[in-house]
Amino acid sequence: MTDTPPRSPASPTRATNAARLEIRTARPSDVPGIVRLSCKVYADQGPYTAGQIMGQINAFAAGTFVALYDGEVAGYAATLRVLEARVMAPHSWDEITGAGYASQFNARGDWLYGIEVMVDPAFRRLRLGKRLYQARERLCTDLGLRGIAFGGRLPGFRRHRKTHPDPHGYVAAVRAGDLRDPVMSFQMKAGFEPVHALPNYAPDDAASGGHAVLMVWRNPYVSDADAAQPVTRTDPDTVRVAAVQLQARTLKSTGEFYANVDYFVNIASEYGADFVVFPEHFTLQLLSCEDSELPPDEAIQRTSEHTAEFVEKLQAMAIGRAINIVGGSHATVTDDGDIQNVGYVFLRDGTVHTQEKLHPTPDERSSWHIKGGDSVDVIDTDCGPVGVLICYDSEFPEAARRLADQGARIVFVPYNTDTRHGHLRVRYCCQARAVENQCYVVTAGMVGNLDNVSNIDIQYAQSAILTPCDFPFARDGIAAEASENVEMIIVADLNLSMVQWARAQGSVRNLRDRRFDLYRTRWSDGG
């Protein structure tokens with residue numbers, strides 16, 4: 001399946017593309033699609049019936065999830081609530097799920113029990129299974145249940161049956177690390193704990209000998225969970241952000257550029273980040289592939305010719321890596337022929353947002369003829385509203401204040417500066433924006449030298465994740481900081497509820513204590 005064409009690169013507006021990928025609770029209208037999915041996944045074992053799927057939805061609609069890609073059902077997960085005594089006792093899949101109808105649902109159950117997770121093989125690159133498991137985890141946390149349990153397959157059992165004929169012994173050997181089972185070992189790495197074998201759990205599963213292992217994830221907020229248990233972001237007020245301090249490279253092909261970007265996107269995703277941000281003008285590296293150095297005005301026009309591919313590639317990365325990408329900035333020619341410095345934000349559901357740089361620097365205006373945008377607004381994401389200010393924009397307090405007033409608690413600042421003086425102008429202003437707006441500010445700059453590209457030959461950066469200066473935050477207002485002029489990635493967890501606390505009860509309350517009777521900023525749209 002190919003990606004749909006991105007929005008015309010000649011129209012860098014605040015409009016967005018429709019979401020490509022959606023995770024939501026299942027509805028009766030989804031049943032035909034779920035049945036078709038099960039026909040693909042279980043072609044050799046027999047698919048679910050429409051009645052079974054309807055039973056699961058009717059029994060516990062909040063515990064059934066579908067993954068939709070361009071409106072097509074690409075993944076499905078179903079759960080039910082069960083009492084702990086039932087979960088921990090020996091059982092089979094038919095017994096605990098009511099033969100797949102979820103008829104054993106108990107509204108007083110203190111555990112979520114996994115009936116099914118299935119993903120269309122054609123969409124496995126989108127990490128739908130991970131997204132569905134995370135949806136379960138959030139539900140478990142929201143309901144205050146003890147944890148999640150399910151019967152995990154043991155497909156390696158048949159291969160090791162001669163040496164480990166008993167499922168209990170096989171599970172113990174895998175748990176101890178003496179054997180490796182492709183499913184059980186993977187689930188252990190993902191943070192699930194094996195409790196005991198479930199003999200004769202699924203008789204039709206020949207590879208597992210009909211057996212399974214009871215796997216559990218214990219809710220750390222209500223259970224005495226193992227301290228080593230990995231926990232994905234269960235608190236909706238905690239957002240993990242990553243900033244890439246990128247090394248400028250002279251490239252032999254555009255493929256090198258996208259491979260390098262995807263490398264850092266994947267790292268941020270593997271570290272569980274919700275957002276990854278790249279530097280301003282990082283796409284100018286694409287010009288290093290040219291046969292000769294282009295004059296500044298021709299160079300910026302040539303950069304814009306890469307827009308369609310740039311949007312397509314990073315949109316696919318955001319969906320495939322399940323992470324929101326703040327794609328630095330990219331010079332783009334608008335419909336009326338103007339050149340603007342545009343920040344593209346690629347959400348993990350496939351939506352694409354844009355934010356123009358409001359204030360081109362004198363050098364951008366004189367060398368590249370870049371013109372400023374005419375609006376700045378928050379971008380709605382699955383982690384709440386965020387803002388984007390591109391480099392020089394961070395040096396104008398009014399822009400950040402508008403974003404804070406619209407609800408932004410995180411502001412991303414991609415930047416590109418040639419000297420330490422320029423870097424410090426951005427850095428000091430970003431710290432001021434964090435203090436005066438009581439919000440987080442995440443900066444990402446580019447470092448190194450770039451051959452064959454006019455007007456962007458040297459860079460200086462020390463990227464940082466900045467906080468307000470008050471008791472709940474980092475001592476120096478710095479949650480994370482990169483080394484100077486070294487390619488690296490920095491990561492920090494940002495607690496959004498702390499921002500709300502600071503704005504309401506902090507030592508100072510900059511937003512609340514403004515003197516509207518003396519001054520205010522009025523925008524052209526009346527805001």
- Item | Audit row: Glu312, Arg20, salt bridge (Lys or Arg N to Asp or Glu O under 4.0 Å) steps and yes/no | CA-CA 12 Å; Glu312 179 183 0; Arg20 302 286 305 280; over 6 Å; no

- Query: Do Tyr76 and Gln56 have side-chain N/O donor and acceptor atoms under 3.5 Å apart?
  - Reply: yes

Which atom pairs, one a donor and one an acceptor, fall under 3.5 Å between side chains of residues 168-180 and the rest of the protein, sequence neighbours left out?
residue, atom, partner, partner atom, Å
Tyr170, OH, Phe157, N, 3.4
Tyr170, OH, Asp181, OD2, 2.6
Arg175, NH1, Pro194, O, 2.8
Arg175, NH1, Val195, O, 3.4

- Output every pair passing salt bridge (charged side-chain N to carboxylate O under 4.0 Å, His left out) with a member in residues 88-117, not counting sequence neighbours, ordered by first then second residue. none

- Task: If a pair satisfies salt bridge (charged side-chain N to carboxylate O under 4.0 Å, His left out) and one of its residues is in residues 242-251, list it, with sequence neighbours excluded.
- Result: Arg249-Glu487

For [X] and [Y], work out which heavy atoms get closest and say how close.
X	Y	result
Gly129	Val119	N-CG2, 3.7 Å
Ala268	Ala242	CB-CB, 3.9 Å
Phe275	Cys383	CE1-CB, 3.8 Å
Ser269	Ile323	N-CD1, 3.8 Å
Ile390	Val342	CD1-C, 4.1 Å
Phe346	Gln315	CD2-N, 3.6 Å

- What pairs of residues pass the ring-ring contact (aromatic ring centres under 6.0 Å, His included) test when at least one of them lies in residues 35-65, not counting sequence neighbours? Phe60-Phe105

- Sorted by first residue and then second, give each ring-ring contact (aromatic ring centres under 6.0 Å, His included) pair with at least one member in residues 133-155; sequence neighbours left out. Tyr133-Phe192, Phe150-Phe192

- Would you find a donor on one side and an acceptor on the other, under 3.5 Å apart, between the side chain of Gln462 and the backbone of Ala482? yes

Can you check whether [X] reaches [Y] side chain to side chain, under 4.5 Å on heavy atoms?
X	Y	answer
Trp111	Ile148	no
Val491	Arg240	yes
Ile489	Tyr271	no

- Would you call Asp262-Arg321 a salt bridge at under 4.0 Å N-O? yes

- Item | Working for salt bridge (Lys or Arg N to Asp or Glu O under 4.0 Å), residues Asp274 and Arg348 | CA-CA 9 Å; Asp274 297 290; Arg348 49 188 159 199; 2.9 Å; yes

- Check: Tyr113 ring centre within less than 6.0 Å of His91 ring centre: yes

- Query: Can you say whether the rings of His160 and His164 are parallel (under 30°), tilted (30 to 60°) or perpendicular (over 60°)?
  - Reply: perpendicular

- Message: Is the ring pair Phe310/His330 parallel, tilted or perpendicular, if the boundaries are 30 and 60 degrees?
- Response: parallel

- Note on the structure: Here the gap from Leu83 atom CG to Asn106 atom CG, rounded to the nearest 0.5 Å, amounts to 4.5 Å

Please output the side-chain donor-acceptor pairs of residues 207-215 that fall under 3.5 Å, not counting sequence neighbours, one pair per line with the distance.
residue, atom, partner, partner atom, Å
Ser208, OG, Leu154, N, 2.9
Ser208, OG, Leu154, O, 3.4
Ser208, OG, Asp205, OD1, 3.4
Ser208, OG, Asp205, OD2, 2.7
His211, ND1, Asn200, N, 3.0
His211, NE2, Gly209, O, 3.3

- Message: Set out, in order, the CA-CA distance, both residues' side-chain angles and the distance that settles side chain to side chain contact (heavy atoms under 4.5 Å, CB included) for Arg136 and Thr79, then state yes or no.
- Response: CA-CA 8 Å; Arg136 277 183 177 174; Thr79 59; 3.1 Å; yes

- Could you go through the salt bridge (Lys or Arg N to Asp or Glu O under 4.0 Å) check for Asp30 and Arg24 one step at a time? CA-CA 11 Å; Asp30 299 317; Arg24 61 164 172 76; 2.8 Å; yes

- Identify which one of Thr332, Thr307, Thr283 satisfies the side-chain hydrogen bond (donor to acceptor under 3.5 Å, both in side chains) criterion when paired with Tyr344. Thr332

